[in-house]
2 protein chains.
Amino acid sequence: MSDRRTEILRAATRVITRRGVRGLRVGELAAEAGVSTSLIYYHFTDRAGILRQTLEFISDRADRYTAERDPGTPADSPRAELEQVLLLELQDTAEVRENSTAWGELRASAVFDPDLREELARATHTWVHEIAELLGRAHPAGTAPAHAASAERLTALLEGLSVRWLSGSLPLDHARRLLRDAIAAELQRT
Amino acid sequence: MSDRRTEILRAATRVITRRGVRGLRVGELAAEAGVSTSLIYYHFTDRAGILRQTLEFISDRADRYTAERDPGTPADSPRAELEQVLLLELQDTAEVRENSTAWGELRASAVFDPDLREELARATHTWVHEIAELLGRAHPAGTAPAHAASAERLTALLEGLSVRWLSGSLPLDHARRLLRDAIAAELQRT
DNA sequence: GTCTATAACGCGATAGAC
DNA sequence: GTCTATCGCGTTATAGAC
């Protein structure tokens, strides 16, 4: 599925990484994709449609790269898997930067746009739940509510560290170290 | 110092709380402040000047309300003071909402605007340092580098929880509970 | 310092040909 | 499906009077 529409969605992802959700200009997107502005409207109706479908495209892609991690890896310990999944989001690759940036923008936009909140809360809940399950396997001694709380703290910390990294307040390796230590601490809770 | 310029800066803070940094319109700011648009330009030159000076105003004010807490309070334990200072940021009052919202916007905008990064990194560093000092008094057994790392984790977590609260993904009392537990855990580190 | 009036422009969106 | 050309509005910014 690498048609024109998909090409435009990929271009939109790059523009959002560069300018933000609220900084995306239809004209700039057209130039980035190498098409006319009216073709954008033909495929996406209006600016809101561009954003909706691009954010959907990005979150599908994020699900995929979370699901597809370690295809043939010899299934390390659950703890290593947990570290791997969380630290995956703190890497300086184009794909991770794009996803983290777009995710942060979605979060920041939802503060002012109630329409985005429901979908955002749903995606957050899914993510927290997935981390809580990994915590359950890595730390069977703990209770389910304790794992849920740990997962909320770790994912919220990760979002906080991620935006500090992207906004230039925290070097990437330092952010990774802080997150690793926080994971270790959550696993040592009684 | 409650002149026209300061009134406009206060109005700008309210508009940013309502619309976001990138949603601020000079005309709306003028209406909010009860002045003409051209007076805005007289005082701040251009839109970028409005934003720069407003964000400076906000970070100064945040410093001040952190510094001025408990004027005559009977200096509880350092631990209680630490909790108080951090939990202060998770309250549903107009002032805290304004500061948290504007601070989150500053952070999110800096991802796309390198001009904001220096001031932001400076303010972040000041804040982390202040929390690290409180941790030192609340937990004298720990080392200075450990306190610095704890302060970075706690403040990054607080930012993460704050934006989840403001974006409707996390109820306020739940966010407060998660933060309190994280503070307790940082104080129990060996 | 502050206002009214307006210029200049960027940007979302559409018309219509191919 | 894709393009060129353009409209119309909202917004930034300025001119000039008081």
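Keep in mind it's a predicted model, so treat the numbers as computed, not measured.
Side-chain contact check for B/R107 and A/S169: at least one donor-acceptor pair (N or O, by modelled atom type) lies under 3.5 Å.
Rounded to an integer number of Å, the gap from CZ of B/R22 to C1' of D/dG10 is 20 Å. To the nearest angstrom, C1' of C/dT4 lies 13 Å from CG of B/L39. Separating the CZ atom of B/R19 from the C1' atom of D/dG10 is a distance of 14 Å, rounded to the nearest angstrom. Look at OH on B/Y42: it is 22 Å from P on C/dA5, rounded to the nearest Å.
Partners of B/R122 under the salt bridge (Lys or Arg N to Asp or Glu O under 4.0 Å) rule, at least two apart in sequence or in another chain, are B/E119. Residues that satisfy the salt bridge (Lys or Arg N to Asp or Glu O under 4.0 Å) test with A/R117, not counting sequence neighbours, are absent from this structure. For A/H139, the ring-ring contact (aromatic ring centres under 6.0 Å, His included) partners two or more places apart in sequence, or in a different chain, are A/H147.
Pairs of residues two or more places apart, or lying in two chains, that qualify as salt bridge (charged side-chain N to carboxylate O under 4.0 Å, His left out) and include a residue from residues 24-43 of chain B are B/R14-B/E32, B/R18-B/E28, B/R18-B/E32, B/R19-B/E28.
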Trace of the side chain to side chain contact (heavy atoms under 4.5 Å, CB included) decision for A/I50 with A/T45: CA-CA 8 Å; A/I50 299 169; A/T45 307; over 6 Å; no
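Using a 4.0 Å cut-off between charged side-chain N and carboxylate O, A/R22 and B/E105 make a salt bridge. Using a 4.0 Å cut-off between charged nitrogen and carboxylate oxygen, A/E159 and B/R164 count as a salt-bridge pair.
Between the axis at the start and the axis at the end of the helix from C/dG1-D/dC18 to C/dC18-D/dG1 there is an angle of 10°, using five pairs per end and rounding to 10 degrees.
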Contact state string [nucleotides 11-18 of chain D, B base, S sugar-phosphate only, - no protein heavy atom under 4.0 Å]: SSBBB---
